[in-house]
Asker: 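The structure follows.
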Amino acid sequence: MPNPATGSLLVVSAHAGDFVWRAGGAIALAAERGERATVVCLSFGERGESARAWREGKNLDEIKAIRREEAENAAAALGAEVRFFDAGDYPLRESPELVDRLVHVYRELAPTVVLTHTLSDPYNGDHPAAARMALQARVLAQAIGYDAPGDPLGAPPVFFFEPHQPEQCDFKPDVLLDITPVFDRKRKAMECLPAQQHMWDYYTDLAKRRGVQLKRNAGPNLGLPHTTVGEAYVRVYPQVTGALA
């Protein structure tokens, strides 16, 4: 069972699969530490990321149900709970109502870490829209006068996870996360998403490449195994510390 005293991870995902490809390792690690891990899927990815189902002749409601089940299975494989806002995709439209719903989630969960998309993605406007709303909600949740239940939020660090085409999104990672101990769980979660089966090997290969970079940046004396795999992140706000490390 999650132990609230150990931390709370919140992931704001534009679509039903994004959290798995980009942050599945971080989610599984948090769950194994006993932290509460919660994913908010703003949409099911029903219009733009479910081509196979459309080609099979499924209708919109059927596709939403398929993607919901996939995301629920993937979240369970990672040890997370998942919530669905069903806000629609392609486009995901930003609104005060969606931001307010996110504020309520922030106040309820009091996350100690937040993960979301980058603010730039020329291939998918839904991703930056999700990021903007996640950041705005974090700021509003900090405001003592904002009308939402719960105490004002502190200042949880926010990390952008890696977009599908990082070079086009000005993604320059400054955090490399070792997900080797939980990669089997991430792969299992990926395989819960047959609607996007073409992504399984892509993100397996990416994890291996990030693992090589992780070893290089960790130094030669840590004895990291050849099979090290990783995820890459960008930290949004400065780290507060009493010692440089």
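Counting from 1, the numbers follow the sequence of the chain as shown. The shown structure was predicted, so the numbers you read here are calculated from the model rather than taken from an experiment. Because only heavy atoms are used, hydrogens play no part in the values below, and waters and symmetry mates are left out as well, while side chains stay in.
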Asker: Take Tyr233 and Asp174 through the side chain to side chain donor-acceptor pair (under 3.5 Å) test and state the conclusion after the steps.
Answerer: CA-CA 6 Å; Tyr233 294 87; Asp174 52 21; over 6 Å; no
Asker: What pair of heavy atoms forms the shortest contact from Val39 to Ala80, and how long is it?
Answerer: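 Smallest interatomic distance, heavy atoms only, reads CG2-CB, 4.3 Å.
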Asker: Check whether any side-chain heavy atom of Arg132 sits under 4.5 Å from a side-chain heavy atom of Gln136, and report yes or no.
Answerer: no
Asker: Could you check if a side-chain atom of Phe159 sits within less than 4.5 angstrom of a side-chain atom of Val234, using non-hydrogen atoms only?
Answerer: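 Side-chain contact under 4.5 Å: no.
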Asker: Less than 4.5 Å apart, side chain to side chain, heavy atoms only: is that true for Ser50 and Lys58?
Answerer: no
Asker: Tell me whether the NZ or CZ atom of Arg138 lies within the 45° cone about the ring axis of Tyr237 and under 6.0 Å from its centre.
Answerer: yes
Asker: Please name the pair of heavy atoms, one in His15 and one in Cys41, separated by the smallest distance, quoted to 0.1 Å.
Answerer: O-SG, 3.9 Å
Asker: Output yes when Glu231 and Arg210 qualify as a salt bridge under the 4.0 Å nitrogen-oxygen rule, no when they do not.
Answerer: no
Asker: Does the Ser8 side chain pair with the main chain of Thr112, one donor and one acceptor, at a distance under 3.5 Å?
Answerer: no
Asker: Using modelled atom types and a 3.5 Å cut-off, is there a donor and acceptor pairing between side-chain atoms of Asp126 and backbone atoms of Ala14?
Answerer: no
Asker: Mind listing the closest non-hydrogen atom pair of Phe171 and Ala232 along with its distance?
Answerer: CZ-O, 3.6 Å
Asker: If hydrophobic clusters are built from ILVMFWY residues whose side chains come within less than 4.5 Å, do Leu214 and Phe161 share one?
Answerer: no
Asker: Provide the closest heavy-atom pair for Ser43 versus Asp89 in the form atom of the first, atom of the second, distance.
Answerer: OG-CB, 3.4 Å
Asker: Apply side-chain contact (heavy atoms from CB on, under 4.5 Å) to residues His104 and Glu108 and explain how you reach the verdict.
Answerer: CA-CA 6 Å; His104 281 67; Glu108 174 195 347; over 6 Å; no
Asker: Centres of the Phe160 and His117 rings: under 6.0 Å?
Answerer: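 Not under 6.0 Å, so no.
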Asker: Let's go through Lys186 and Trp21 carefully: what are the C-alpha distance in whole Å and the side-chain angles of both, what is the deciding distance for side-chain contact (heavy atoms from CB on, under 4.5 Å) to 0.1 Å, and is it a yes or a no?
Answerer: CA-CA 8 Å; Lys186 178 171 180 175; Trp21 320 120; 5.8 Å; no
Asker: In terms of hydrophobic clustering (I, L, V, M, F, W, Y; side-chain heavy atoms under 4.5 Å; direct or indirect links), are Phe84 and Leu193 co-clustered?
Answerer: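 They do share one cluster, since a chain of ILVMFWY contacts under 4.5 Å joins Phe84 to Leu193.
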Asker: Check this for me: does any side-chain nitrogen of one of Lys64 and Asp86 sit under 4.0 Å from a carboxylate oxygen of the other?
Answerer: yes
Asker: Side-chain contact test, heavy atoms from C-beta onward, threshold under 4.5 Å: evaluate it for Phe183 versus Asp178 and give yes or no.
Answerer: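 Side chain of Phe183 against side chain of Asp178, heavy atoms only: no contact under 4.5 Å found.
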Asker: Under the side chain to side chain donor-acceptor pair (under 3.5 Å) criterion, do Arg83 and Thr38 qualify, and how do the steps go?
Answerer: CA-CA 8 Å; Arg83 306 180 185 189; Thr38 306; 5.2 Å; no
Asker: Answer whether the closest heavy-atom distance between the side chains of Pro152 and Gln142 falls below 4.5 Å.
Answerer: no
Asker: Just verifying a value: how many Å separate Asp18 CG and Gln196 CD, rounded to the nearest 0.5 Å?
Answerer: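 Nearest 0.5 Å value for the CG-CD distance: 7.5 Å.
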Asker: Taking the side chain as every heavy atom from C-beta outward, state whether Met190 and Gln197 have any atom pair closer than 4.5 Å.
Answerer: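 Of all side-chain heavy-atom pairs linking Gln197 with Met190, none is under 4.5 Å.
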Asker: Check Pro128 against Asp121 and note the closest heavy-atom contact, atom names and distance.
Answerer: CG-N, 3.6 Å
Asker: For Glu191, I'd like to know if atom CD has over 12 heavy atoms of other residues, nucleotides or ligands within 6.0 Å.
Answerer: yes
Asker: Would you say Asp100's side chain and Pro96's backbone share a donor-acceptor pair under 3.5 angstrom?
Answerer: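 Side chain of Asp100 to backbone of Pro96, a donor-acceptor pair under 3.5 Å: no, none is there.
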Asker: Applying a strict under-4.5 Å side-chain criterion to I, L, V, M, F, W and Y, I'd like to know whether Val229 and Leu29 cluster together.
Answerer: yes
Asker: Is it true that a side-chain atom of Thr241 and a backbone atom of Leu244 form a donor plus acceptor pair closer than 3.5 Å?
Answerer: no
Asker: Within the structure provided, determine whether Val11 and Thr116 are in side-chain contact (heavy-atom separation under 4.5 Å).
Answerer: no
Asker: Inspect the contact between Arg67 and Glu49 and indicate whether a charged nitrogen and a carboxylate oxygen are less than 4.0 angstrom apart.
Answerer: no
Asker: Does the gap between the ring centers of His164 and His127 come in under 6.0 Å?
Answerer: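 Judged by ring-centre distance (under 6.0 Å), His164 and His127 do not meet the cut-off.
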Asker: Got a sec: does the CZ of Arg33 have more than 12 other heavy atoms crowding it under 6.0 Å?
Answerer: yes
Asker: At what distance, to the nearest 0.5 angstrom, does CZ of Arg52 lie from CD of Glu56?
Answerer: 5.5 Å
Asker: Is there a side-chain contact between Glu81 and Arg36 in this structure, where contact means two heavy atoms from C-beta onward sitting under 4.5 Å apart?
Answerer: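 Sidechains of Arg36 and Glu81: in contact.
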Asker: Assigning hydrophobic clusters by single linkage (Ile, Leu, Val, Met, Phe, Trp, Tyr; side-chain heavy-atom cutoff under 4.5 Å), is Tyr106 placed with Leu42?
Answerer: yes
Asker: Could you state whether Leu115 and Val105 fall into the same hydrophobic cluster, counting links through intermediate Ile, Leu, Val, Met, Phe, Trp or Tyr residues with side-chain heavy atoms under 4.5 angstrom apart?
Answerer: no
Asker: State the CZ-CD1 distance between Arg68 and Ile63, to the nearest 0.5 angstrom.
Answerer: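 Answer for the CZ-CD1 pair, Arg68 versus Ile63, is 15.0 Å.
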Asker: Set out, in order, the CA-CA distance, both residues' side-chain angles and the distance that settles side-chain contact (heavy atoms from CB on, under 4.5 Å) for Val20 and Ile27, then state yes or no.
Answerer: CA-CA 9 Å; Val20 181; Ile27 295 168; over 6 Å; no
Asker: Please determine whether a side-chain nitrogen of the Lys or Arg among Arg101 and Glu97 lies less than 4.0 Å from a carboxylate oxygen of the Asp or Glu.
Answerer: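 Looking at Arg101 and Glu97, the cut-off is not met.
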Asker: Hey, what do you get for CG (Leu140) to CG (Leu153), rounding to the nearest 0.5 Å?
Answerer: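 So the CG of Leu140 and the CG of Leu153 are separated by 10.5 Å.
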Asker: What pair of heavy atoms forms the shortest contact from Thr118 to Pro163, and how long is it?
Answerer: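 Smallest heavy-atom distance, with atoms named: CG2-CD, 3.9 Å.
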Asker: Should we count CG of Asn59 as having more than 12 external heavy atoms under 6.0 Å?
Answerer: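 More than 12 heavy atoms, drawn from other residues, nucleotides or ligands, come within 6.0 Å of this atom.
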Asker: Hey, could you give me the NZ/OG1 distance between Lys215 and Thr227, rounded to the nearest 0.5 Å?
Answerer: 7.5 Å
Asker: Apply side-chain contact (heavy atoms from CB on, under 4.5 Å) to residues Glu32 and Arg185 and explain how you reach the verdict.
Answerer: CA-CA 11 Å; Glu32 291 210 346; Arg185 292 183 65 174; 3.1 Å; yes
Asker: Within the distance-only criterion (no hydrogens, no angle test), does the side chain of Glu46 pair as donor or acceptor with the backbone N or O of Phe44 below 3.5 angstrom?
Answerer: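 Side chain of Glu46 to backbone of Phe44, a donor-acceptor pair under 3.5 Å: yes, one is there.
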Asker: Quick one: side chain to side chain donor-acceptor pair (under 3.5 Å) partners of Lys188, sequence neighbours excluded?
Answerer: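 Applying side chain to side chain donor-acceptor pair (under 3.5 Å) to Lys188 gives none.
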